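Bear in mind that the values here come from a model prediction, so they are computed numbers and not experimental data. Below, chain A is the first sequence line, B the second, and so on; all start at residue 1.
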Number of protein chains: 2
Amino acid sequence: MHAATALASDHPIARAATVVPIQPAVRREPPTQRSPRCSACAMRAFCMPPELSADDLKKLDSLICSTRSVRRGDALYRAGDAFQSIYAVRAGSFKTMVMHRDGREHVTGFQIPGEALGLDGIGTGQHNGDAIALEDSVVCIIPFAQLEAMCREIKPLQHYIYQMMGSEIVRESRQMMLLGTMTAEQRVATFLLGLSRRFKARGFSAAEFHLRMTREEIGCYLGMKLETVSRMFSKFQRERLVHANGKTIRIVDPDALARV
Amino acid sequence: MHAATALASDHPIARAATVVPIQPAVRREPPTQRSPRCSACAMRAFCMPPELSADDLKKLDSLICSTRSVRRGDALYRAGDAFQSIYAVRAGSFKTMVMHRDGREHVTGFQIPGEALGLDGIGTGQHNGDAIALEDSVVCIIPFAQLEAMCREIKPLQHYIYQMMGSEIVRESRQMMLLGTMTAEQRVATFLLGLSRRFKARGFSAAEFHLRMTREEIGCYLGMKLETVSRMFSKFQRERLVHANGKTIRIVDPDALARV
DNA sequence: CGCATGTTTGATATAAGTCAATATATGTGG
DNA sequence: CCACATATATTGACTTATATCAAACATGCG
């Protein structure tokens with residue numbers, strides 16, 4: 001299978017969700033709908049602990065009973081929104097970003113199917129940043145108050161949520177190290193290898209994939225300007241480490257890339 | 001009260017803990033001892049949810065029944081150590097750091113009394129980085145497995161732990177923005193104002209305090225070289241925003257510092 | 001198919017890094 | 001308790017990685 005479609009909205013997982021109705025320009029309640037069950041979901045291995053009993057899974061299905069479609073460029077939530085739920089990406093992809101009062105903004109992460117969104121609201125009850133769809137996407141809605149209640153009953157679920165949050169803390173501290181200590185070249189190499197690893201874990205090609213974000217968004221994530229991102233892609237291409245054709249990336253020499 | 005002693009080991013909170021026995025050079029089991037109760041602890045407002053019943057507090061006292069002393073420069077834990085417990089700083093201060101295989105290291109945070117340590121182990125069961133005491137310090141040990149069990153019984157405690165982890169996620173994303181988008185001058189200003197705010201919340205002077213970390217550690221936290229940190233301190237001094245005499249800091253014009 | 005949006009590349013500017021010398025703390029053993 | 005050794009901090013001169021500005025080029029979406 002060709003992994004260039006990894007994040008495309010015609011991906012099998014996206015197709016499994018009901019077709020998104022065309023949205024009128026007028027703002028209204030975001031479209032939600034009943035979802036297929038967790039127990040039947042292809043992404044379950046990424047969202048949920050493996051050791052749940054059939055009985056636990058049934059409870060879980062009663063909790064996560066709706067999905068939401070978000071069109072490319074639209075926000076799943078914005079900074080300051082009241083925190084109600086966390087989300088699991090079911091299809092598509094997102095960026096999360098924080099903004100400083102002076103308008104300076106920074107991308108804190110990119111999320112692909114099976115990954116969580118919305119943890120930034122747990123601390124204060126308000127989301128700390130925006131989550132923007134990079135393409136037409138679908139998320140599962142997990143109401144946090146009910147999840148908390150269920151965690152008091154289902155020990156593996158409780159443990160899994162702690163682990164998920166703990167892993168996010170570790171991911172962020174790695175990103176701080178990247179931003180604090182690496183050169184532009186190393187940051188871009190690390191970024192590509194990280195994406196590659198995540199695609200591979202989901203059964204897509206580790207070598208070739210399609211970026212859904214712009215050079216500017218990558219730069220904003222890696223703490224550099226879009227021109228620098230572009231120059232590093234060109235440099236890796238000259239050195240035969242990566243073949244970059246616009247948004248299509250083929251990693252030619254992952255070992256050399258890791259040594260950069 | 002003069003806040004220059006905010007982190008000094010003769011601080012009242014430190015004195016409340018039993019005196020640390022001198023350690024022989026030989027490595028041995030870290031010294032732990034029974035602690036005074038949470039219910040009587042001056043730092044409780046920072047470690048624990050306010051709405052606990054007397055009964056809940058009693059349970060909590062049975063959970064957090066030991067402290068550990070860590071001498072200046074020693075590690076509370078190191079990367080790769082099995083994760084057993086989280087910790088609350090009772091007296092003193094720490095830095096947490098992550099190291100890349102090539103030896104490059106980065107400071108991910110500084111912790112003062114009432115703040116948590118060890119959350120980086122929850123995700124994988126191993127600590128992701130080191131926690132090093134910046135001065136002779138004391139921590140409360142909170143065995144995580146038992147904490148988890150207690151969270152299934154005491155709802156406010158469960159909620160508090162989620163909030164604590166959520167707040168750490170938000171703190172880290174702010175630090176990513178700092179590292180990704182701010183100038184050296186803005187980073188140092190933000191660092192000083194952040195410390196000031198935390199001291200103030202603990203009843204110490206927001207205007208004058210004592211740094212327990214070196215310029216190099218500050219630089220490693222803020223993603224710049226120690227010389228740059230020093231130059232920024234000198235610059236703020238020339239501009240009458242801050243008076244910096246070695247490790248003693250007096251914030252002269254906090255509003256101007258925030259506008260930098 | 002056309003225009004807005006995104007990308008690449010080059011020339012130049014600049015913030016921060018590096019190297020080096022000096023100054024000032026801090027801690028230790030006599 | 002002082003003197004020395006070591007660690008930490010400051011400052012200056014120079015270098016460099018990355019930002020900035022600008023122009024040409026490609027892409028893809030409506």
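- The shortest distance between side-chain heavy atoms of B:Val260 and B:Leu241 falls below 4.5 Å.
- Taking atom CE of residue A:Met224 and atom C1' of nucleotide D:dA17, one finds them 11 Å apart after rounding to whole Å.
- Take A:His127 and apply the side-chain hydrogen bond (donor to acceptor under 3.5 Å, both in side chains) test, not counting sequence neighbours, and it matches A:Asp120.
- Nucleotide D:dA17 holds its C1' atom 16 Å from the CG atom of A:Leu222, rounded to whole Å.
- Within a 6.0 Å radius of NZ in B:Lys247, more than 12 heavy atoms belonging to other residues, nucleotides or ligands are found.
- The distance from atom NE2 of A:His210 to atom P of D:dT27 is 11 Å, rounded to the nearest whole Å.
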Using a cutoff of under 3.5 Å, can you pull out all pairs of nitrogen or oxygen atoms linking the protein to nucleotides 7-12 of chain D, with atom names and distances?
from	atom 1	to	atom 2	distance (Å)
D:dA9	OP2	B:Arg215	N	2.6
D:dT10	OP1	B:Arg215	NH2	3.3
D:dT10	OP2	B:Arg215	NE	2.8
D:dT10	OP2	B:Arg215	NH2	3.4
D:dT10	OP2	B:Ser230	OG	2.9
D:dT10	O5'	B:Ser230	OG	3.2
D:dT11	OP2	B:Ser234	OG	2.5
D:dG12	N7	B:Arg231	NH1	3.0
D:dG12	O6	B:Arg231	NH2	3.1

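- Straight-line distance from the NZ atom of A:Lys225 to the P atom of C:dA13: 19 Å, rounded to whole Å.
- For A:Arg104, the side-chain contact (heavy atoms from CB on, under 4.5 Å) partners are A:His100, A:Asp102, B:Thr181, B:Met182, B:Gln186, not counting sequence neighbours.
- One can place CD1 of A:Ile218 at 13 Å from P of C:dG6, the figure rounded to the nearest angstrom.
- Of the possible donor and acceptor atoms, none in the side chain of A:Arg90 sits under 3.5 Å from a partner among the backbone N and O of A:Thr67.
- The distance from atom CZ of B:Arg187 to atom C1' of C:dA15 is 11 Å, rounded to the nearest whole Å.
- Residues that satisfy the salt bridge (Lys or Arg N to Asp or Glu O under 4.0 Å) test with B:Arg174, not counting sequence neighbours, are absent from this structure.
- A rotation axis mapping the C1' atoms of four pairs onto the next four is fitted at both ends of the helix from C:dC1-D:dG30 to C:dG30-D:dC1 over five pairs, and the angle between these axes is 60° to 10 degrees.
- Remark: B:Phe110 engages B:Tyr221 in a ring pair (Phe, Tyr, Trp, His ring centres under 6.0 Å) (not counting sequence neighbours).
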Test B:Arg71 against B:Asp136 for salt bridge (Lys or Arg N to Asp or Glu O under 4.0 Å), laying out the working first. CA-CA 4 Å; B:Arg71 316 211 66 205; B:Asp136 293 354; 3.7 Å; yes

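- In this structure, the CD atom of B:Glu185 is 8 Å from the P atom of C:dA16, given to the nearest Å.
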